[in-house]
Amino acid sequence: MVDSAIIFSSALILRAFMQERYTPQSVERDAQGYWDGSGSFRVTEDPARPKYYCLSMFPYPSGKLHMGHVRNYTIGDVLTRFYRMRGYNVLQPMGWDAFGLPAENAAMANKVPPAKWTYDNIAYMRSQLKSLGFAIDWTRELATCSPQYYKWNQWLFVRLFKKGLAYKKTGVVNWDPVDQTVLANEQVIDGRGWRTGAVVEKREIPMYFLRISAYAEELLSALDGMGGWPEQVKLMQKNWIGKSEGVRFGFPYELAGEKKLLNVFTTRADTIMGVTFCAVAAEHPLALHAAKGNPKLAAFIEECRQGAVIEAEMAQQEKKGMATGLTVTHPLSGEQVPVWVGNYVLMSYGDGAVMGVPAHDERDYEFAQKYGLAIRPVIRHPAGDTVPAPWKPEYAEYGTCINSGKYDGLDFKAAVSAVAADLKAKGLGDKHVQWRLRDWGISRQRYWGCPVPIIHCKDCGDVPVPEKDLPVVLPEDLVPDGTGNPLAKLPSFYECMCPSCGKPARRETDTMDTFVDSSWYFSRYACPDNSGAMVDDRARYWMPVDQYIGGIEHAILHLLYSRFFARVMRDESLLDISEPFTNLLTQGMVLAELYYHDSAEGRREWINPADVTVERDAKGRPVAAKRASDGAAVVAAGIGTMSKSKNNGVDPQALIEKYGADTARFFIIFASPPTQSLEWSDEGVEGSFRFLKRVWAYAANFGRAGAARPAPALLKATRFEIHTVLKQATYDLGKHQFNTVASAAMKILNALEKLQDSASDEAREGLSILLRLLSPITPHICHHLWRELGFGADVLAAPWPEPDPAALEQDEIEYVVQVGGKTRGNLRAPKSADRAALEALATASALVQKYVAGQAIRKIVIVPGRLINIVV
RNA sequence: GCCGGAAUGGCGGAAUUGGUAGACGCAGCGGACUCAAAAUCCGCCGACUAAUCAUCGUAAGGGUUCGAGUCCCUUUUCCGGCACCA
């Protein structure tokens, strides 16, 4: 039956007043005014309804929205509105990740304090977000640069400091020797400072760390239970945490008469008898000691210190090493083993030293070949007992021990156990679990961030700022000049009294990594107005976030830090949960075409795709491209992420002004599924606009006098079509495949248009389904038409449409007919036909007769309701 | 370099668990309306072919299966992350 509840006879009268032309600007202004006026998106805790906390990653206020933001928030809004229509109490908040480097860069460029730049940007971007019509509860807005917010960063830091979960040690940073300042990785270009061009050096400085390693085991094991996260992200986190089980042991040596151990960790203790050298990092104490009397080695270590701390760059540089001249004693054989310095050994992993087994490790093999070190095979691997050059992957495989004395004949597991036991007996080592995950260094030698609440006292050491003195407020009127942190030059900030002894002391001038701000903001949205606590009971109601949406680029750091913070807050009795995000959707990038033009002087100029005219051949294939302004030939350089440097960005604002927010939203949803990259297309936007105009025109003409009533068979077929599409669309929404939901809306309109403006019950029902299906994607036009056609006062309050099983009933089913696995045609059969009937029907058909052509039928495969395959 | 993804017509994409490859849209081509244009509407639209049939066709190569875009192995290219961009 047709859903009569939504059929409303007054619709025809209302319709007479409706404009023929779709004018998105006025429609959207009115709808947004209605939502604002009625507080449609303000929510409070409601134990009677299931809650749904839908969160998109908050933006950095960089100046204006980019298409990636629009995409992110449109996806979140579709989910928000969809769940709302299904009866959930839905929270969708918004805020600003407002501390960070770009504000300092802008400040330097424009001589304006980062605070002013940031607040101006927030004001503009807020207005942009509002013009997109997102169902956001704006009463919960927060900015991480406000003292009311970052006070709680500081408060939590102090708690962790007292617990030992925050602590001080040295860390390595990129140092610009000209500007005398620490550089972020992105400020290092080809190993040089971005402003000075000076070769960057590594420098060790004291910093504060958060002991995320204390939660490594839990962060790893909990991944298994996180069904709502993409496998891909969980796998990346698992590899990042990097649990490896092996043996940690020491090579004894003597230094100035003192007995010491060179500690290493290995997952291949079974190869220990194949050790022919040890390699240590350039920063390793042993290397530094050896360099004292060895100028060549000192020069090599200096060379290793050149360049940035960026691991990707270090991993790609040529493997180099130099002998220290020192030796250590093999703990089991007693042989002397030479110690080398290797630029590929990372001080930050394990003990900053590795044992070298060139026969069974590719990196060690290369190193030994290059420097003429001994290669001693000790494993019988699938390619034999020897390891002739070149390196083969088989050399690294597990096998039984050979040339290993008492361990000969043992397999991997037995050998590792035996070696570990022997090392333990000698007091030199044991089995050990090693993590790749390092503690989180949160100190930044920068101004525009949350001050680290520590006071340095000559007598009392590092003293946390007392709770009553929080927040340590960041002055908002400074302008950095690129030569270090302005806070460190501001006595009024750093001069203070020691809270413990009352004597003059110096305030810490480092600020916190902005990832600290973003690791708990989602909990604060529940209670942003609470000035007395970090979070309260409202956070217990709303947390965890049911659906989190953001870029895949955050798969590891932000998401891992947030998982860590949730546990820290749990252990501080602030939250009841361990996992902050139940379901995670990682959206793809937004891409656009790239065009450039090389000038006569050889300068490459990137041309915005909007300024390019493409010539096509008769089949629509592009053959040439020209700059619209002067006809100059431009080169099509494929597609890439929208960026300033490649000048291929599309401004959301221009789009909204030209077509309206609904068109922008529709195109973004329609163009590709949320998790895949989205390729921008101006023609595609035109097509989306055309579709909304058609929806409008259909509604405006709906039930127009004089339309003939279609034949009953057409009505029935149309209703079948619409309900089939609806069923599919609801399924697609469940798996977050919104692009096909948009397609479904198009299919429904196509079907309705075939009814030629008839105001039949079937058409009215179809239209009400169309508007409800579309309302999460294009809420403004649906809001307007829903009211205008008299379906109700507010489409937000309408229930999600359900497919009617009766409409999906069919008397006949169309089967695909294959012969020998090749599709040959279709066959209609009664719904009731059983297997035998289908076989008889198929074998008797002319279609099958033609292709079987006298061959023996070996068997018949039947997929119920779908397919018949005659195997010959 | 290491870790994680992706690849389907001229283009974006669809194909529920292995079951009619190309839904829906864009571009293109043809037509209607118009003095004309825009807008709108109708039709065609993977390759090969005059057209039909047939054949081929989901990055490349191999395999499993009655049947593979989908599963397995190898390779190529592109994208994300690599701890101070956010």
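Numbers restart at 1 for each chain; the letters A, B, ... are given by sequence-line order, proteins then strands. Just so it is clear, the model here is predicted, and its values are computed rather than measured.
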Base versus backbone protein contacts along nucleotides 68-83 of chain B [heavy-atom cut-off under 4.0 Å; B, S, -]
------------BSBB

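- A:S688 comes within 4.0 angstrom of nothing in the nucleic acid, heavy atoms only.
- Taking each heavy atom of A:D97 and A:T144 in turn, the nearest pair found is C-OG1, 3.6 Å.
- Residue contacts for A:V173: at a heavy-atom cut-off of 4.0 Å it reaches a base atom on one of the strands shown.
- Checking the phosphate oxygens (OP1, OP2) of B:C56, a side-chain nitrogen or oxygen of A:K822 falls inside 4.0 Å.
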Under the ring-ring contact (aromatic ring centres under 6.0 Å, His included) criterion, do A:F689 and A:F667 qualify, and how do the steps go?
CA-CA 8 Å; A:F689 187 50; A:F667 173 71; over 10 Å; no

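- Looking at the side chain of A:L867, the nearest of the listed nucleotides B:G13, B:U17, B:G19 is B:G19.
- Atoms CZ (A:R866) and C1' (B:U16) sit 8 Å apart, rounded to a whole Å.
- Between the C1' atoms of B:C24 and B:G18, the separation comes to 24 Å (whole Å).
- Straight-line distance between the P atoms of B:G28 and B:A39: roughly 11 Å, to the nearest whole Å.
- Comparing B:A59 with B:U20, their C1' atoms sit 24 Å apart, to the nearest whole Å.
- For A:T823, counting side-chain heavy atoms from C-beta on, the closest listed nucleotide (B:G12, B:A21, B:C41) is B:A21.
- When the C1' atom of B:G13 is taken as reference, atom CH2 of A:W680 falls 16 Å away, rounded to whole Å.
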Could you give me the CA-CA distance, side-chain angles and deciding distance for A:F209 and A:W440, then say whether ring-ring contact (aromatic ring centres under 6.0 Å, His included) is met?
CA-CA 5 Å; A:F209 285 79; A:W440 176 12; over 10 Å; no

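- For A:V863, taking side-chain heavy atoms from C-beta onward, the closest of the listed nucleotides B:G19, B:A54, B:G25 is B:G19.
- When every heavy atom of A:Y344 is checked against every heavy atom of A:A279, the shortest pair comes out as OH-CB, 3.9 Å.
- For the ring-ring contact (aromatic ring centres under 6.0 Å, His included) with A:F515, the qualifying choice from A:Y521, A:W520, A:Y561 is A:Y561, the only one to do so.
- Both key distances under 3.5 Å define a Watson-Crick or G-U pair, and stretches of 3 or more such consecutive pairs in RNA chain B run B:1-7 with B:76-82, B:10-12 with B:24-26, B:28-32 with B:40-44, B:59-63 with B:71-75.
- In this model, no side-chain donor or acceptor of A:E683 finds a partner on the base of B:G25 within 3.5 Å.
- A:F515 comes within contact range of at least one nucleobase, with a heavy-atom separation under 4.0 Å.
- Nearest to the side chain of A:K747, among B:C24, B:A86, B:A14, sits B:C24.
- The C1' atoms of B:A51 and B:A38 are separated by 37 Å, rounded to the nearest whole Å.
- By the 6.0 Å contact criterion, NZ on A:K64 is open, its count of non-hydrogen atoms from other residues, nucleotides or ligands being 12 or less.
- With sequence neighbours excluded, the residues satisfying side chain to side chain donor-acceptor pair (under 3.5 Å) with A:D510 are A:Q445.
- Using a 4.0 Å heavy-atom distance criterion, A:Q445 is classed as a base contact.
- For A:N826, taking side-chain heavy atoms from C-beta onward, the closest of the listed nucleotides B:G1, B:C24, B:U20 is B:U20.
- Taking the six-membered ring for Trp and the full ring otherwise, the centers of A:F670 and A:F738 sit at least 6.0 Å from each other.
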As a quick check of understanding, evaluate salt bridge (Lys or Arg N to Asp or Glu O under 4.0 Å) for A:R835 and A:E839, giving each step before the final call.
CA-CA 6 Å; A:R835 194 185 165 88; A:E839 282 185 15; 3.4 Å; yes

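- Nucleotide B:A14 holds its C1' atom 10 Å from the CG atom of A:D732, rounded to whole Å.
- At B:A38, none of the side-chain N or O atoms of A:R690 fall inside 4.0 Å of OP1 or OP2 (strictly under the cut-off).
- A gap of 16 Å separates the P atoms of B:U64 and B:G69, to the nearest Å.
- Residue A:Q737 has a polar side-chain atom (N or O) positioned under 4.0 Å from OP1 or OP2 of B:A15.
- Spacing between atom CD of A:Q728 and atom C1' of B:C24 amounts to 12 Å, rounded to whole angstrom units.
- A:N739 places its CG atom 15 Å from the P atom of B:C26, with the value rounded to the nearest Å.
- Atom name P, nucleotides B:U70 and B:G61: the rounded distance is 13 Å, in whole Å.
- Residue contacts for A:E686: at a heavy-atom cut-off of 4.0 Å it reaches no nucleic acid atom on any strand shown.
- The P atoms of B:A37 and B:C29 are separated by 15 Å, rounded to the nearest whole Å.
- Each of A:P673 and A:N750 lies near RNA chain B, and the nucleotide nearest A:P673 is the one positioned closer to the 5' end.
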Between A:E204 and A:T170, does a side chain to side chain donor-acceptor pair (under 3.5 Å) hold up when you go through it step by step?
CA-CA 6 Å; A:E204 285 206 57; A:T170 60; 3.0 Å; yes

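- Rounded to an integer number of Å, the gap from CD of A:Q676 to C1' of B:A15 is 13 Å.
- Per the geometry, CG belonging to A:N869 stands 10 Å off P belonging to B:C66, to the nearest Å.
- A:V182 comes within 4.0 angstrom of a base, heavy atoms only.
- In this structure, A:E366 does not pair ionically with A:R363, as no charged nitrogen and carboxylate oxygen lie closer than 4.0 Å.
- Dashed line: the shortest gap from a side-chain N or O of A:N239 to OP1 or OP2 of B:G4 is under 4.0 Å.
- Taking the P atoms as reference points, B:C71 lies 23 Å from B:C56, given to the whole Å.
- The A:Y731 side chain lies nearest to B:U16 when the options are B:C85, B:U16, B:G19.
- Summarising the geometry, the separation between CD1 on A:I868 and C1' on B:G19 is reported as 12 Å, rounded to the nearest angstrom.
- Proximity note for A:S672 (side chain, C-beta onward) versus B:C85, B:G13, B:G25: the nearest is B:G13.
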What do the steps show when you test A:R690 against A:E683 for salt bridge (Lys or Arg N to Asp or Glu O under 4.0 Å), and what is the final call?
CA-CA 10 Å; A:R690 215 155 31 223; A:E683 292 83 6; over 6 Å; no

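- A donor-acceptor pair under 3.5 Å is absent between the side-chain atoms of A:N72 and the main chain of A:G68, judged by distance alone.
- Side-chain nitrogen and oxygen atoms of A:R363 include none within less than 4.0 Å of the OP1 or OP2 phosphate oxygen of B:G1.
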